[in-house]
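Down below is the structure, laid out as structure tokens.
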Number of protein chains: 2
Amino acid sequence: MDIKILLVDDEPDILEIVGYNLSSEGYEVITAENGVEAVKKAKKEKPQLIIMDVMMPEMDGIEACEQIRNIPELKNTIITFLTARGEDYSQVAGFDAGADDYITKPVKPKVLVSKVKALLRRLKEESINESIVKIGDLTINRDEYKIVLKEEEIVLPRKEFELLSLLASKPGKVFKREEILDKVWGNEVVVGGRTIDVHIRKLREKIGDHCFKTVKGVGYKFVD
Amino acid sequence: MDIKILLVDDEPDILEIVGYNLSSEGYEVITAENGVEAVKKAKKEKPQLIIMDVMMPEMDGIEACEQIRNIPELKNTIITFLTARGEDYSQVAGFDAGADDYITKPVKPKVLVSKVKALLRRLKEESINESIVKIGDLTINRDEYKIVLKEEEIVLPRKEFELLSLLASKPGKVFKREEILDKVWGNEVVVGGRTIDVHIRKLREKIGDHCFKTVKGVGYKFVD
DNA sequence: TATAAAGGTAATAAATTCATAACAAATTTT
DNA sequence: AAAATTTGTTATGAATTTATTACCTTTATA
């Protein structure tokens with residue numbers, strides 16, 4: 001997935017320096033010089049992240065932030081303000097307006113880049129909860145309770161679906177048996193010790209043996 | 001997860017005002033009136049965040065901070081100082097003592113709350129990365145229960161993984177046999193005297209002999 | 001109601017992990 | 001140097017953990 005970042009500042013110098021640093025990290029950078037332009041471009045380009053100066057002509061960052069927050073398609077966009085150190089008031093107003101974080105000026109390129117990475121990591125983790133998950137040639141649609149494997153639709157019984165869903169939510173991660181019981185069966189239900197294995201077996205039959213790796217003494221993981 | 005905040009100040013007014021603001025945001029607030037009490041309560045309650053005045057009777061904030069930083073269970077706790085504007089020296093000393101941030105007095109409630117939120121968000125982000133440890137060309141991934149050595153993936157049985165995990169958690173440190181048994185096998189399990197050696201041997205085979213140094217009469221250590 | 005499907009259990013098989021014993025080698029103490 | 005202590009190595013079998021199958025109960029479906 002290509003990542004778009006909208007950079008908003010009225011100082012061309014800042015746009016250039018910050019933009020350069022982000023571009024060289026492989027991000028697609030779009031710029032705007034004031035709030036009005038920012039809102040317009042945000043709507044059109046749907047960036048994942050907006051880095052915006054607070055003080056700007058035409059429309060300040062706070063107001064632009066509020067307007068952007070009201071665009072439903074952009075509800076998952078992360079908005080970060082650029083603010084001069086010590087501008088206490090603007091910080092408060094910014095959080096009220098729906099900002100997610102702050103970057104203080106003057107901006108050190110390395111700090112900026114690592115902050116951006118951290119923010120995008122957060123975005124990624126949040127998007128895990130979306131109802132459609134794709135891993136390789138497997139698609140899991142929680143909304144419709146079905147999975148698609150190589151163009152072919154497979155319907156799974158509830159427990160199998162939940163189990164697959166859990167494991168596939170973090171490919172590679174080993175889920176402990178205890179954790180699986182908790183999340184798929186619920187922590188109040190008590191089931192026998194071989195129940196998970198049997199369900200794993202059924203999934204292996206239907207989805208493919210190689211997708212489910214056993215880690216003895218620990219649990220299972222889904223691999224791509 | 002419920003969040004506990006330890007608030008330390010010798011002025012009851014501050015405790016009340018700040019405490020009220022944090023409580024009404026849904027945080028669990030614990031208070032202490034001096035450094036000695038702060039250390040004691042920190043140890044007992046294990047708060048995620050400590051907000052502490054620098055100037056206090058009995059034991060000042062700097063010293064309390066140092067003591068708290070030496071409690072291993074609290075290594076991930078964020079410590080923030082309350083400091084009067086312009087007290088530059090205390091800031092420097094505070095960072096040396098292991099403080100993470102500063103809040104200047106007089107405290108504006110909204111600033112305080114948004115700062116606390118930002119700090120806790122940071123805490124959350126840091127804890128995500130804890131499951132991956134890198135030492136030289138060895139990467140240990142506790143989440144996926146696997147290790148990567150020079151681009152190559154190695155899967156270890158549980159005990160070997162736990163043992164490696166322990167030793168590598170503090171490269172250079174010698175872990176006593178007793179300590180290893182405690183942490184890898186659990187203090188209730190009794191195993192024979194050669195068990196650790198055998199596991200070390202297997203790790204030496206798989207990871208490399210030179211990584212594991214024997215300290216006769218004491219235990220083993222991991223070296224880079 | 002009959003039938004099928006889902007979900008769980010129990011019994012047994014298979015595989016892996018791990019502890020141990022027995023001895024060798026190295027190191028320290030006497 | 002000899003004895004004692006501590007660690008290294010290996011093979012082996014017991015214990016643990018997982019896989020598989022058949023079967024039973026419950027729930028949903030026709």
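Letters A, B, ... are given to chains in the order of the sequence lines, protein chains preceding strands, and every chain is numbered from 1. Please read these numbers as outputs of a predicted model, since none were measured by experiment.
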Nucleotide nearest B/R158 when distance is taken to its side chain, options D/dG8, C/dC18, C/dG7: C/dC18
B/R158 side chain vs A/V218 backbone, donor-acceptor pair below 3.5 Å: no
Proximal nucleotide (of D/dT10, C/dT17, D/dT20) relative to the B/P157 side chain: C/dT17
A/K4 side chain vs A/E45 backbone, donor-acceptor pair below 3.5 Å: yes
Minimum-distance nucleotide (side-chain atoms of A/R177 versus C/dG7, D/dT7, D/dT18): D/dT18
Distance in angstrom units between B/F212 CZ and D/dT7 C1', rounded: 16 Å
Candidates C/dA19, D/dG8, C/dA11 - which lies nearest the side chain of B/W185: C/dA19
Side chain of A/H199 (C-beta onward), nearest among D/dG8, C/dG8, D/dT6: C/dG8
Interatomic distance, B/R201 CZ vs C/dA24 C1' [rounded to whole Å]: 13 Å
Nearest-nucleotide pick for A/K216, side chain only, options being D/dT20, C/dT16, D/dT10: C/dT16
Among D/dG8, D/dA19, C/dT27, the one nearest A/R204 by side-chain distance: D/dA19
Whole-Å distance separating the CG atom of B/D209 from the C1' atom of C/dA26: 14 Å
Spacing of B/K206 atom NZ relative to D/dT9 atom P, expressed in whole Å: 15 Å
Separation of C/dA6 P from A/L203 CG (nearest whole Å): 12 Å
Atom pair distance, as rounded to whole Å: NZ in B/K202 and C1' in C/dT17: 7 Å
Distance, rounded to the nearest Å, where B/I196 contributes CD1 and C/dC18 contributes P: 14 Å
Residue B/V198, side-chain heavy atoms: nucleotide from C/dA21, D/dA19, C/dG7 that is nearest: C/dA21
Length of the CZ-C1' vector between B/R194 and D/dT9, whole Å: 11 Å
Selected nucleotide, minimal atom distance to B/K159 side chain, candidates C/dA19, D/dT10, D/dA19: C/dA19
B/D9 and B/L7, any side-chain heavy atoms less than 4.5 Å apart: no
Main-chain N/O of B/L166 paired with B/S169 side-chain donor or acceptor, under 3.5 Å: yes
Along DNA chain C (nearest heavy atom to each residue), the more 5'-positioned of A/T195 and B/T195: A/T195
Any donor-acceptor N/O pair, B/E37 side chain to B/E33 backbone, under 3.5 Å: yes
Residue A/Y220, side-chain heavy atoms: nucleotide from D/dA19, C/dA19, C/dT9 that is nearest: D/dA19
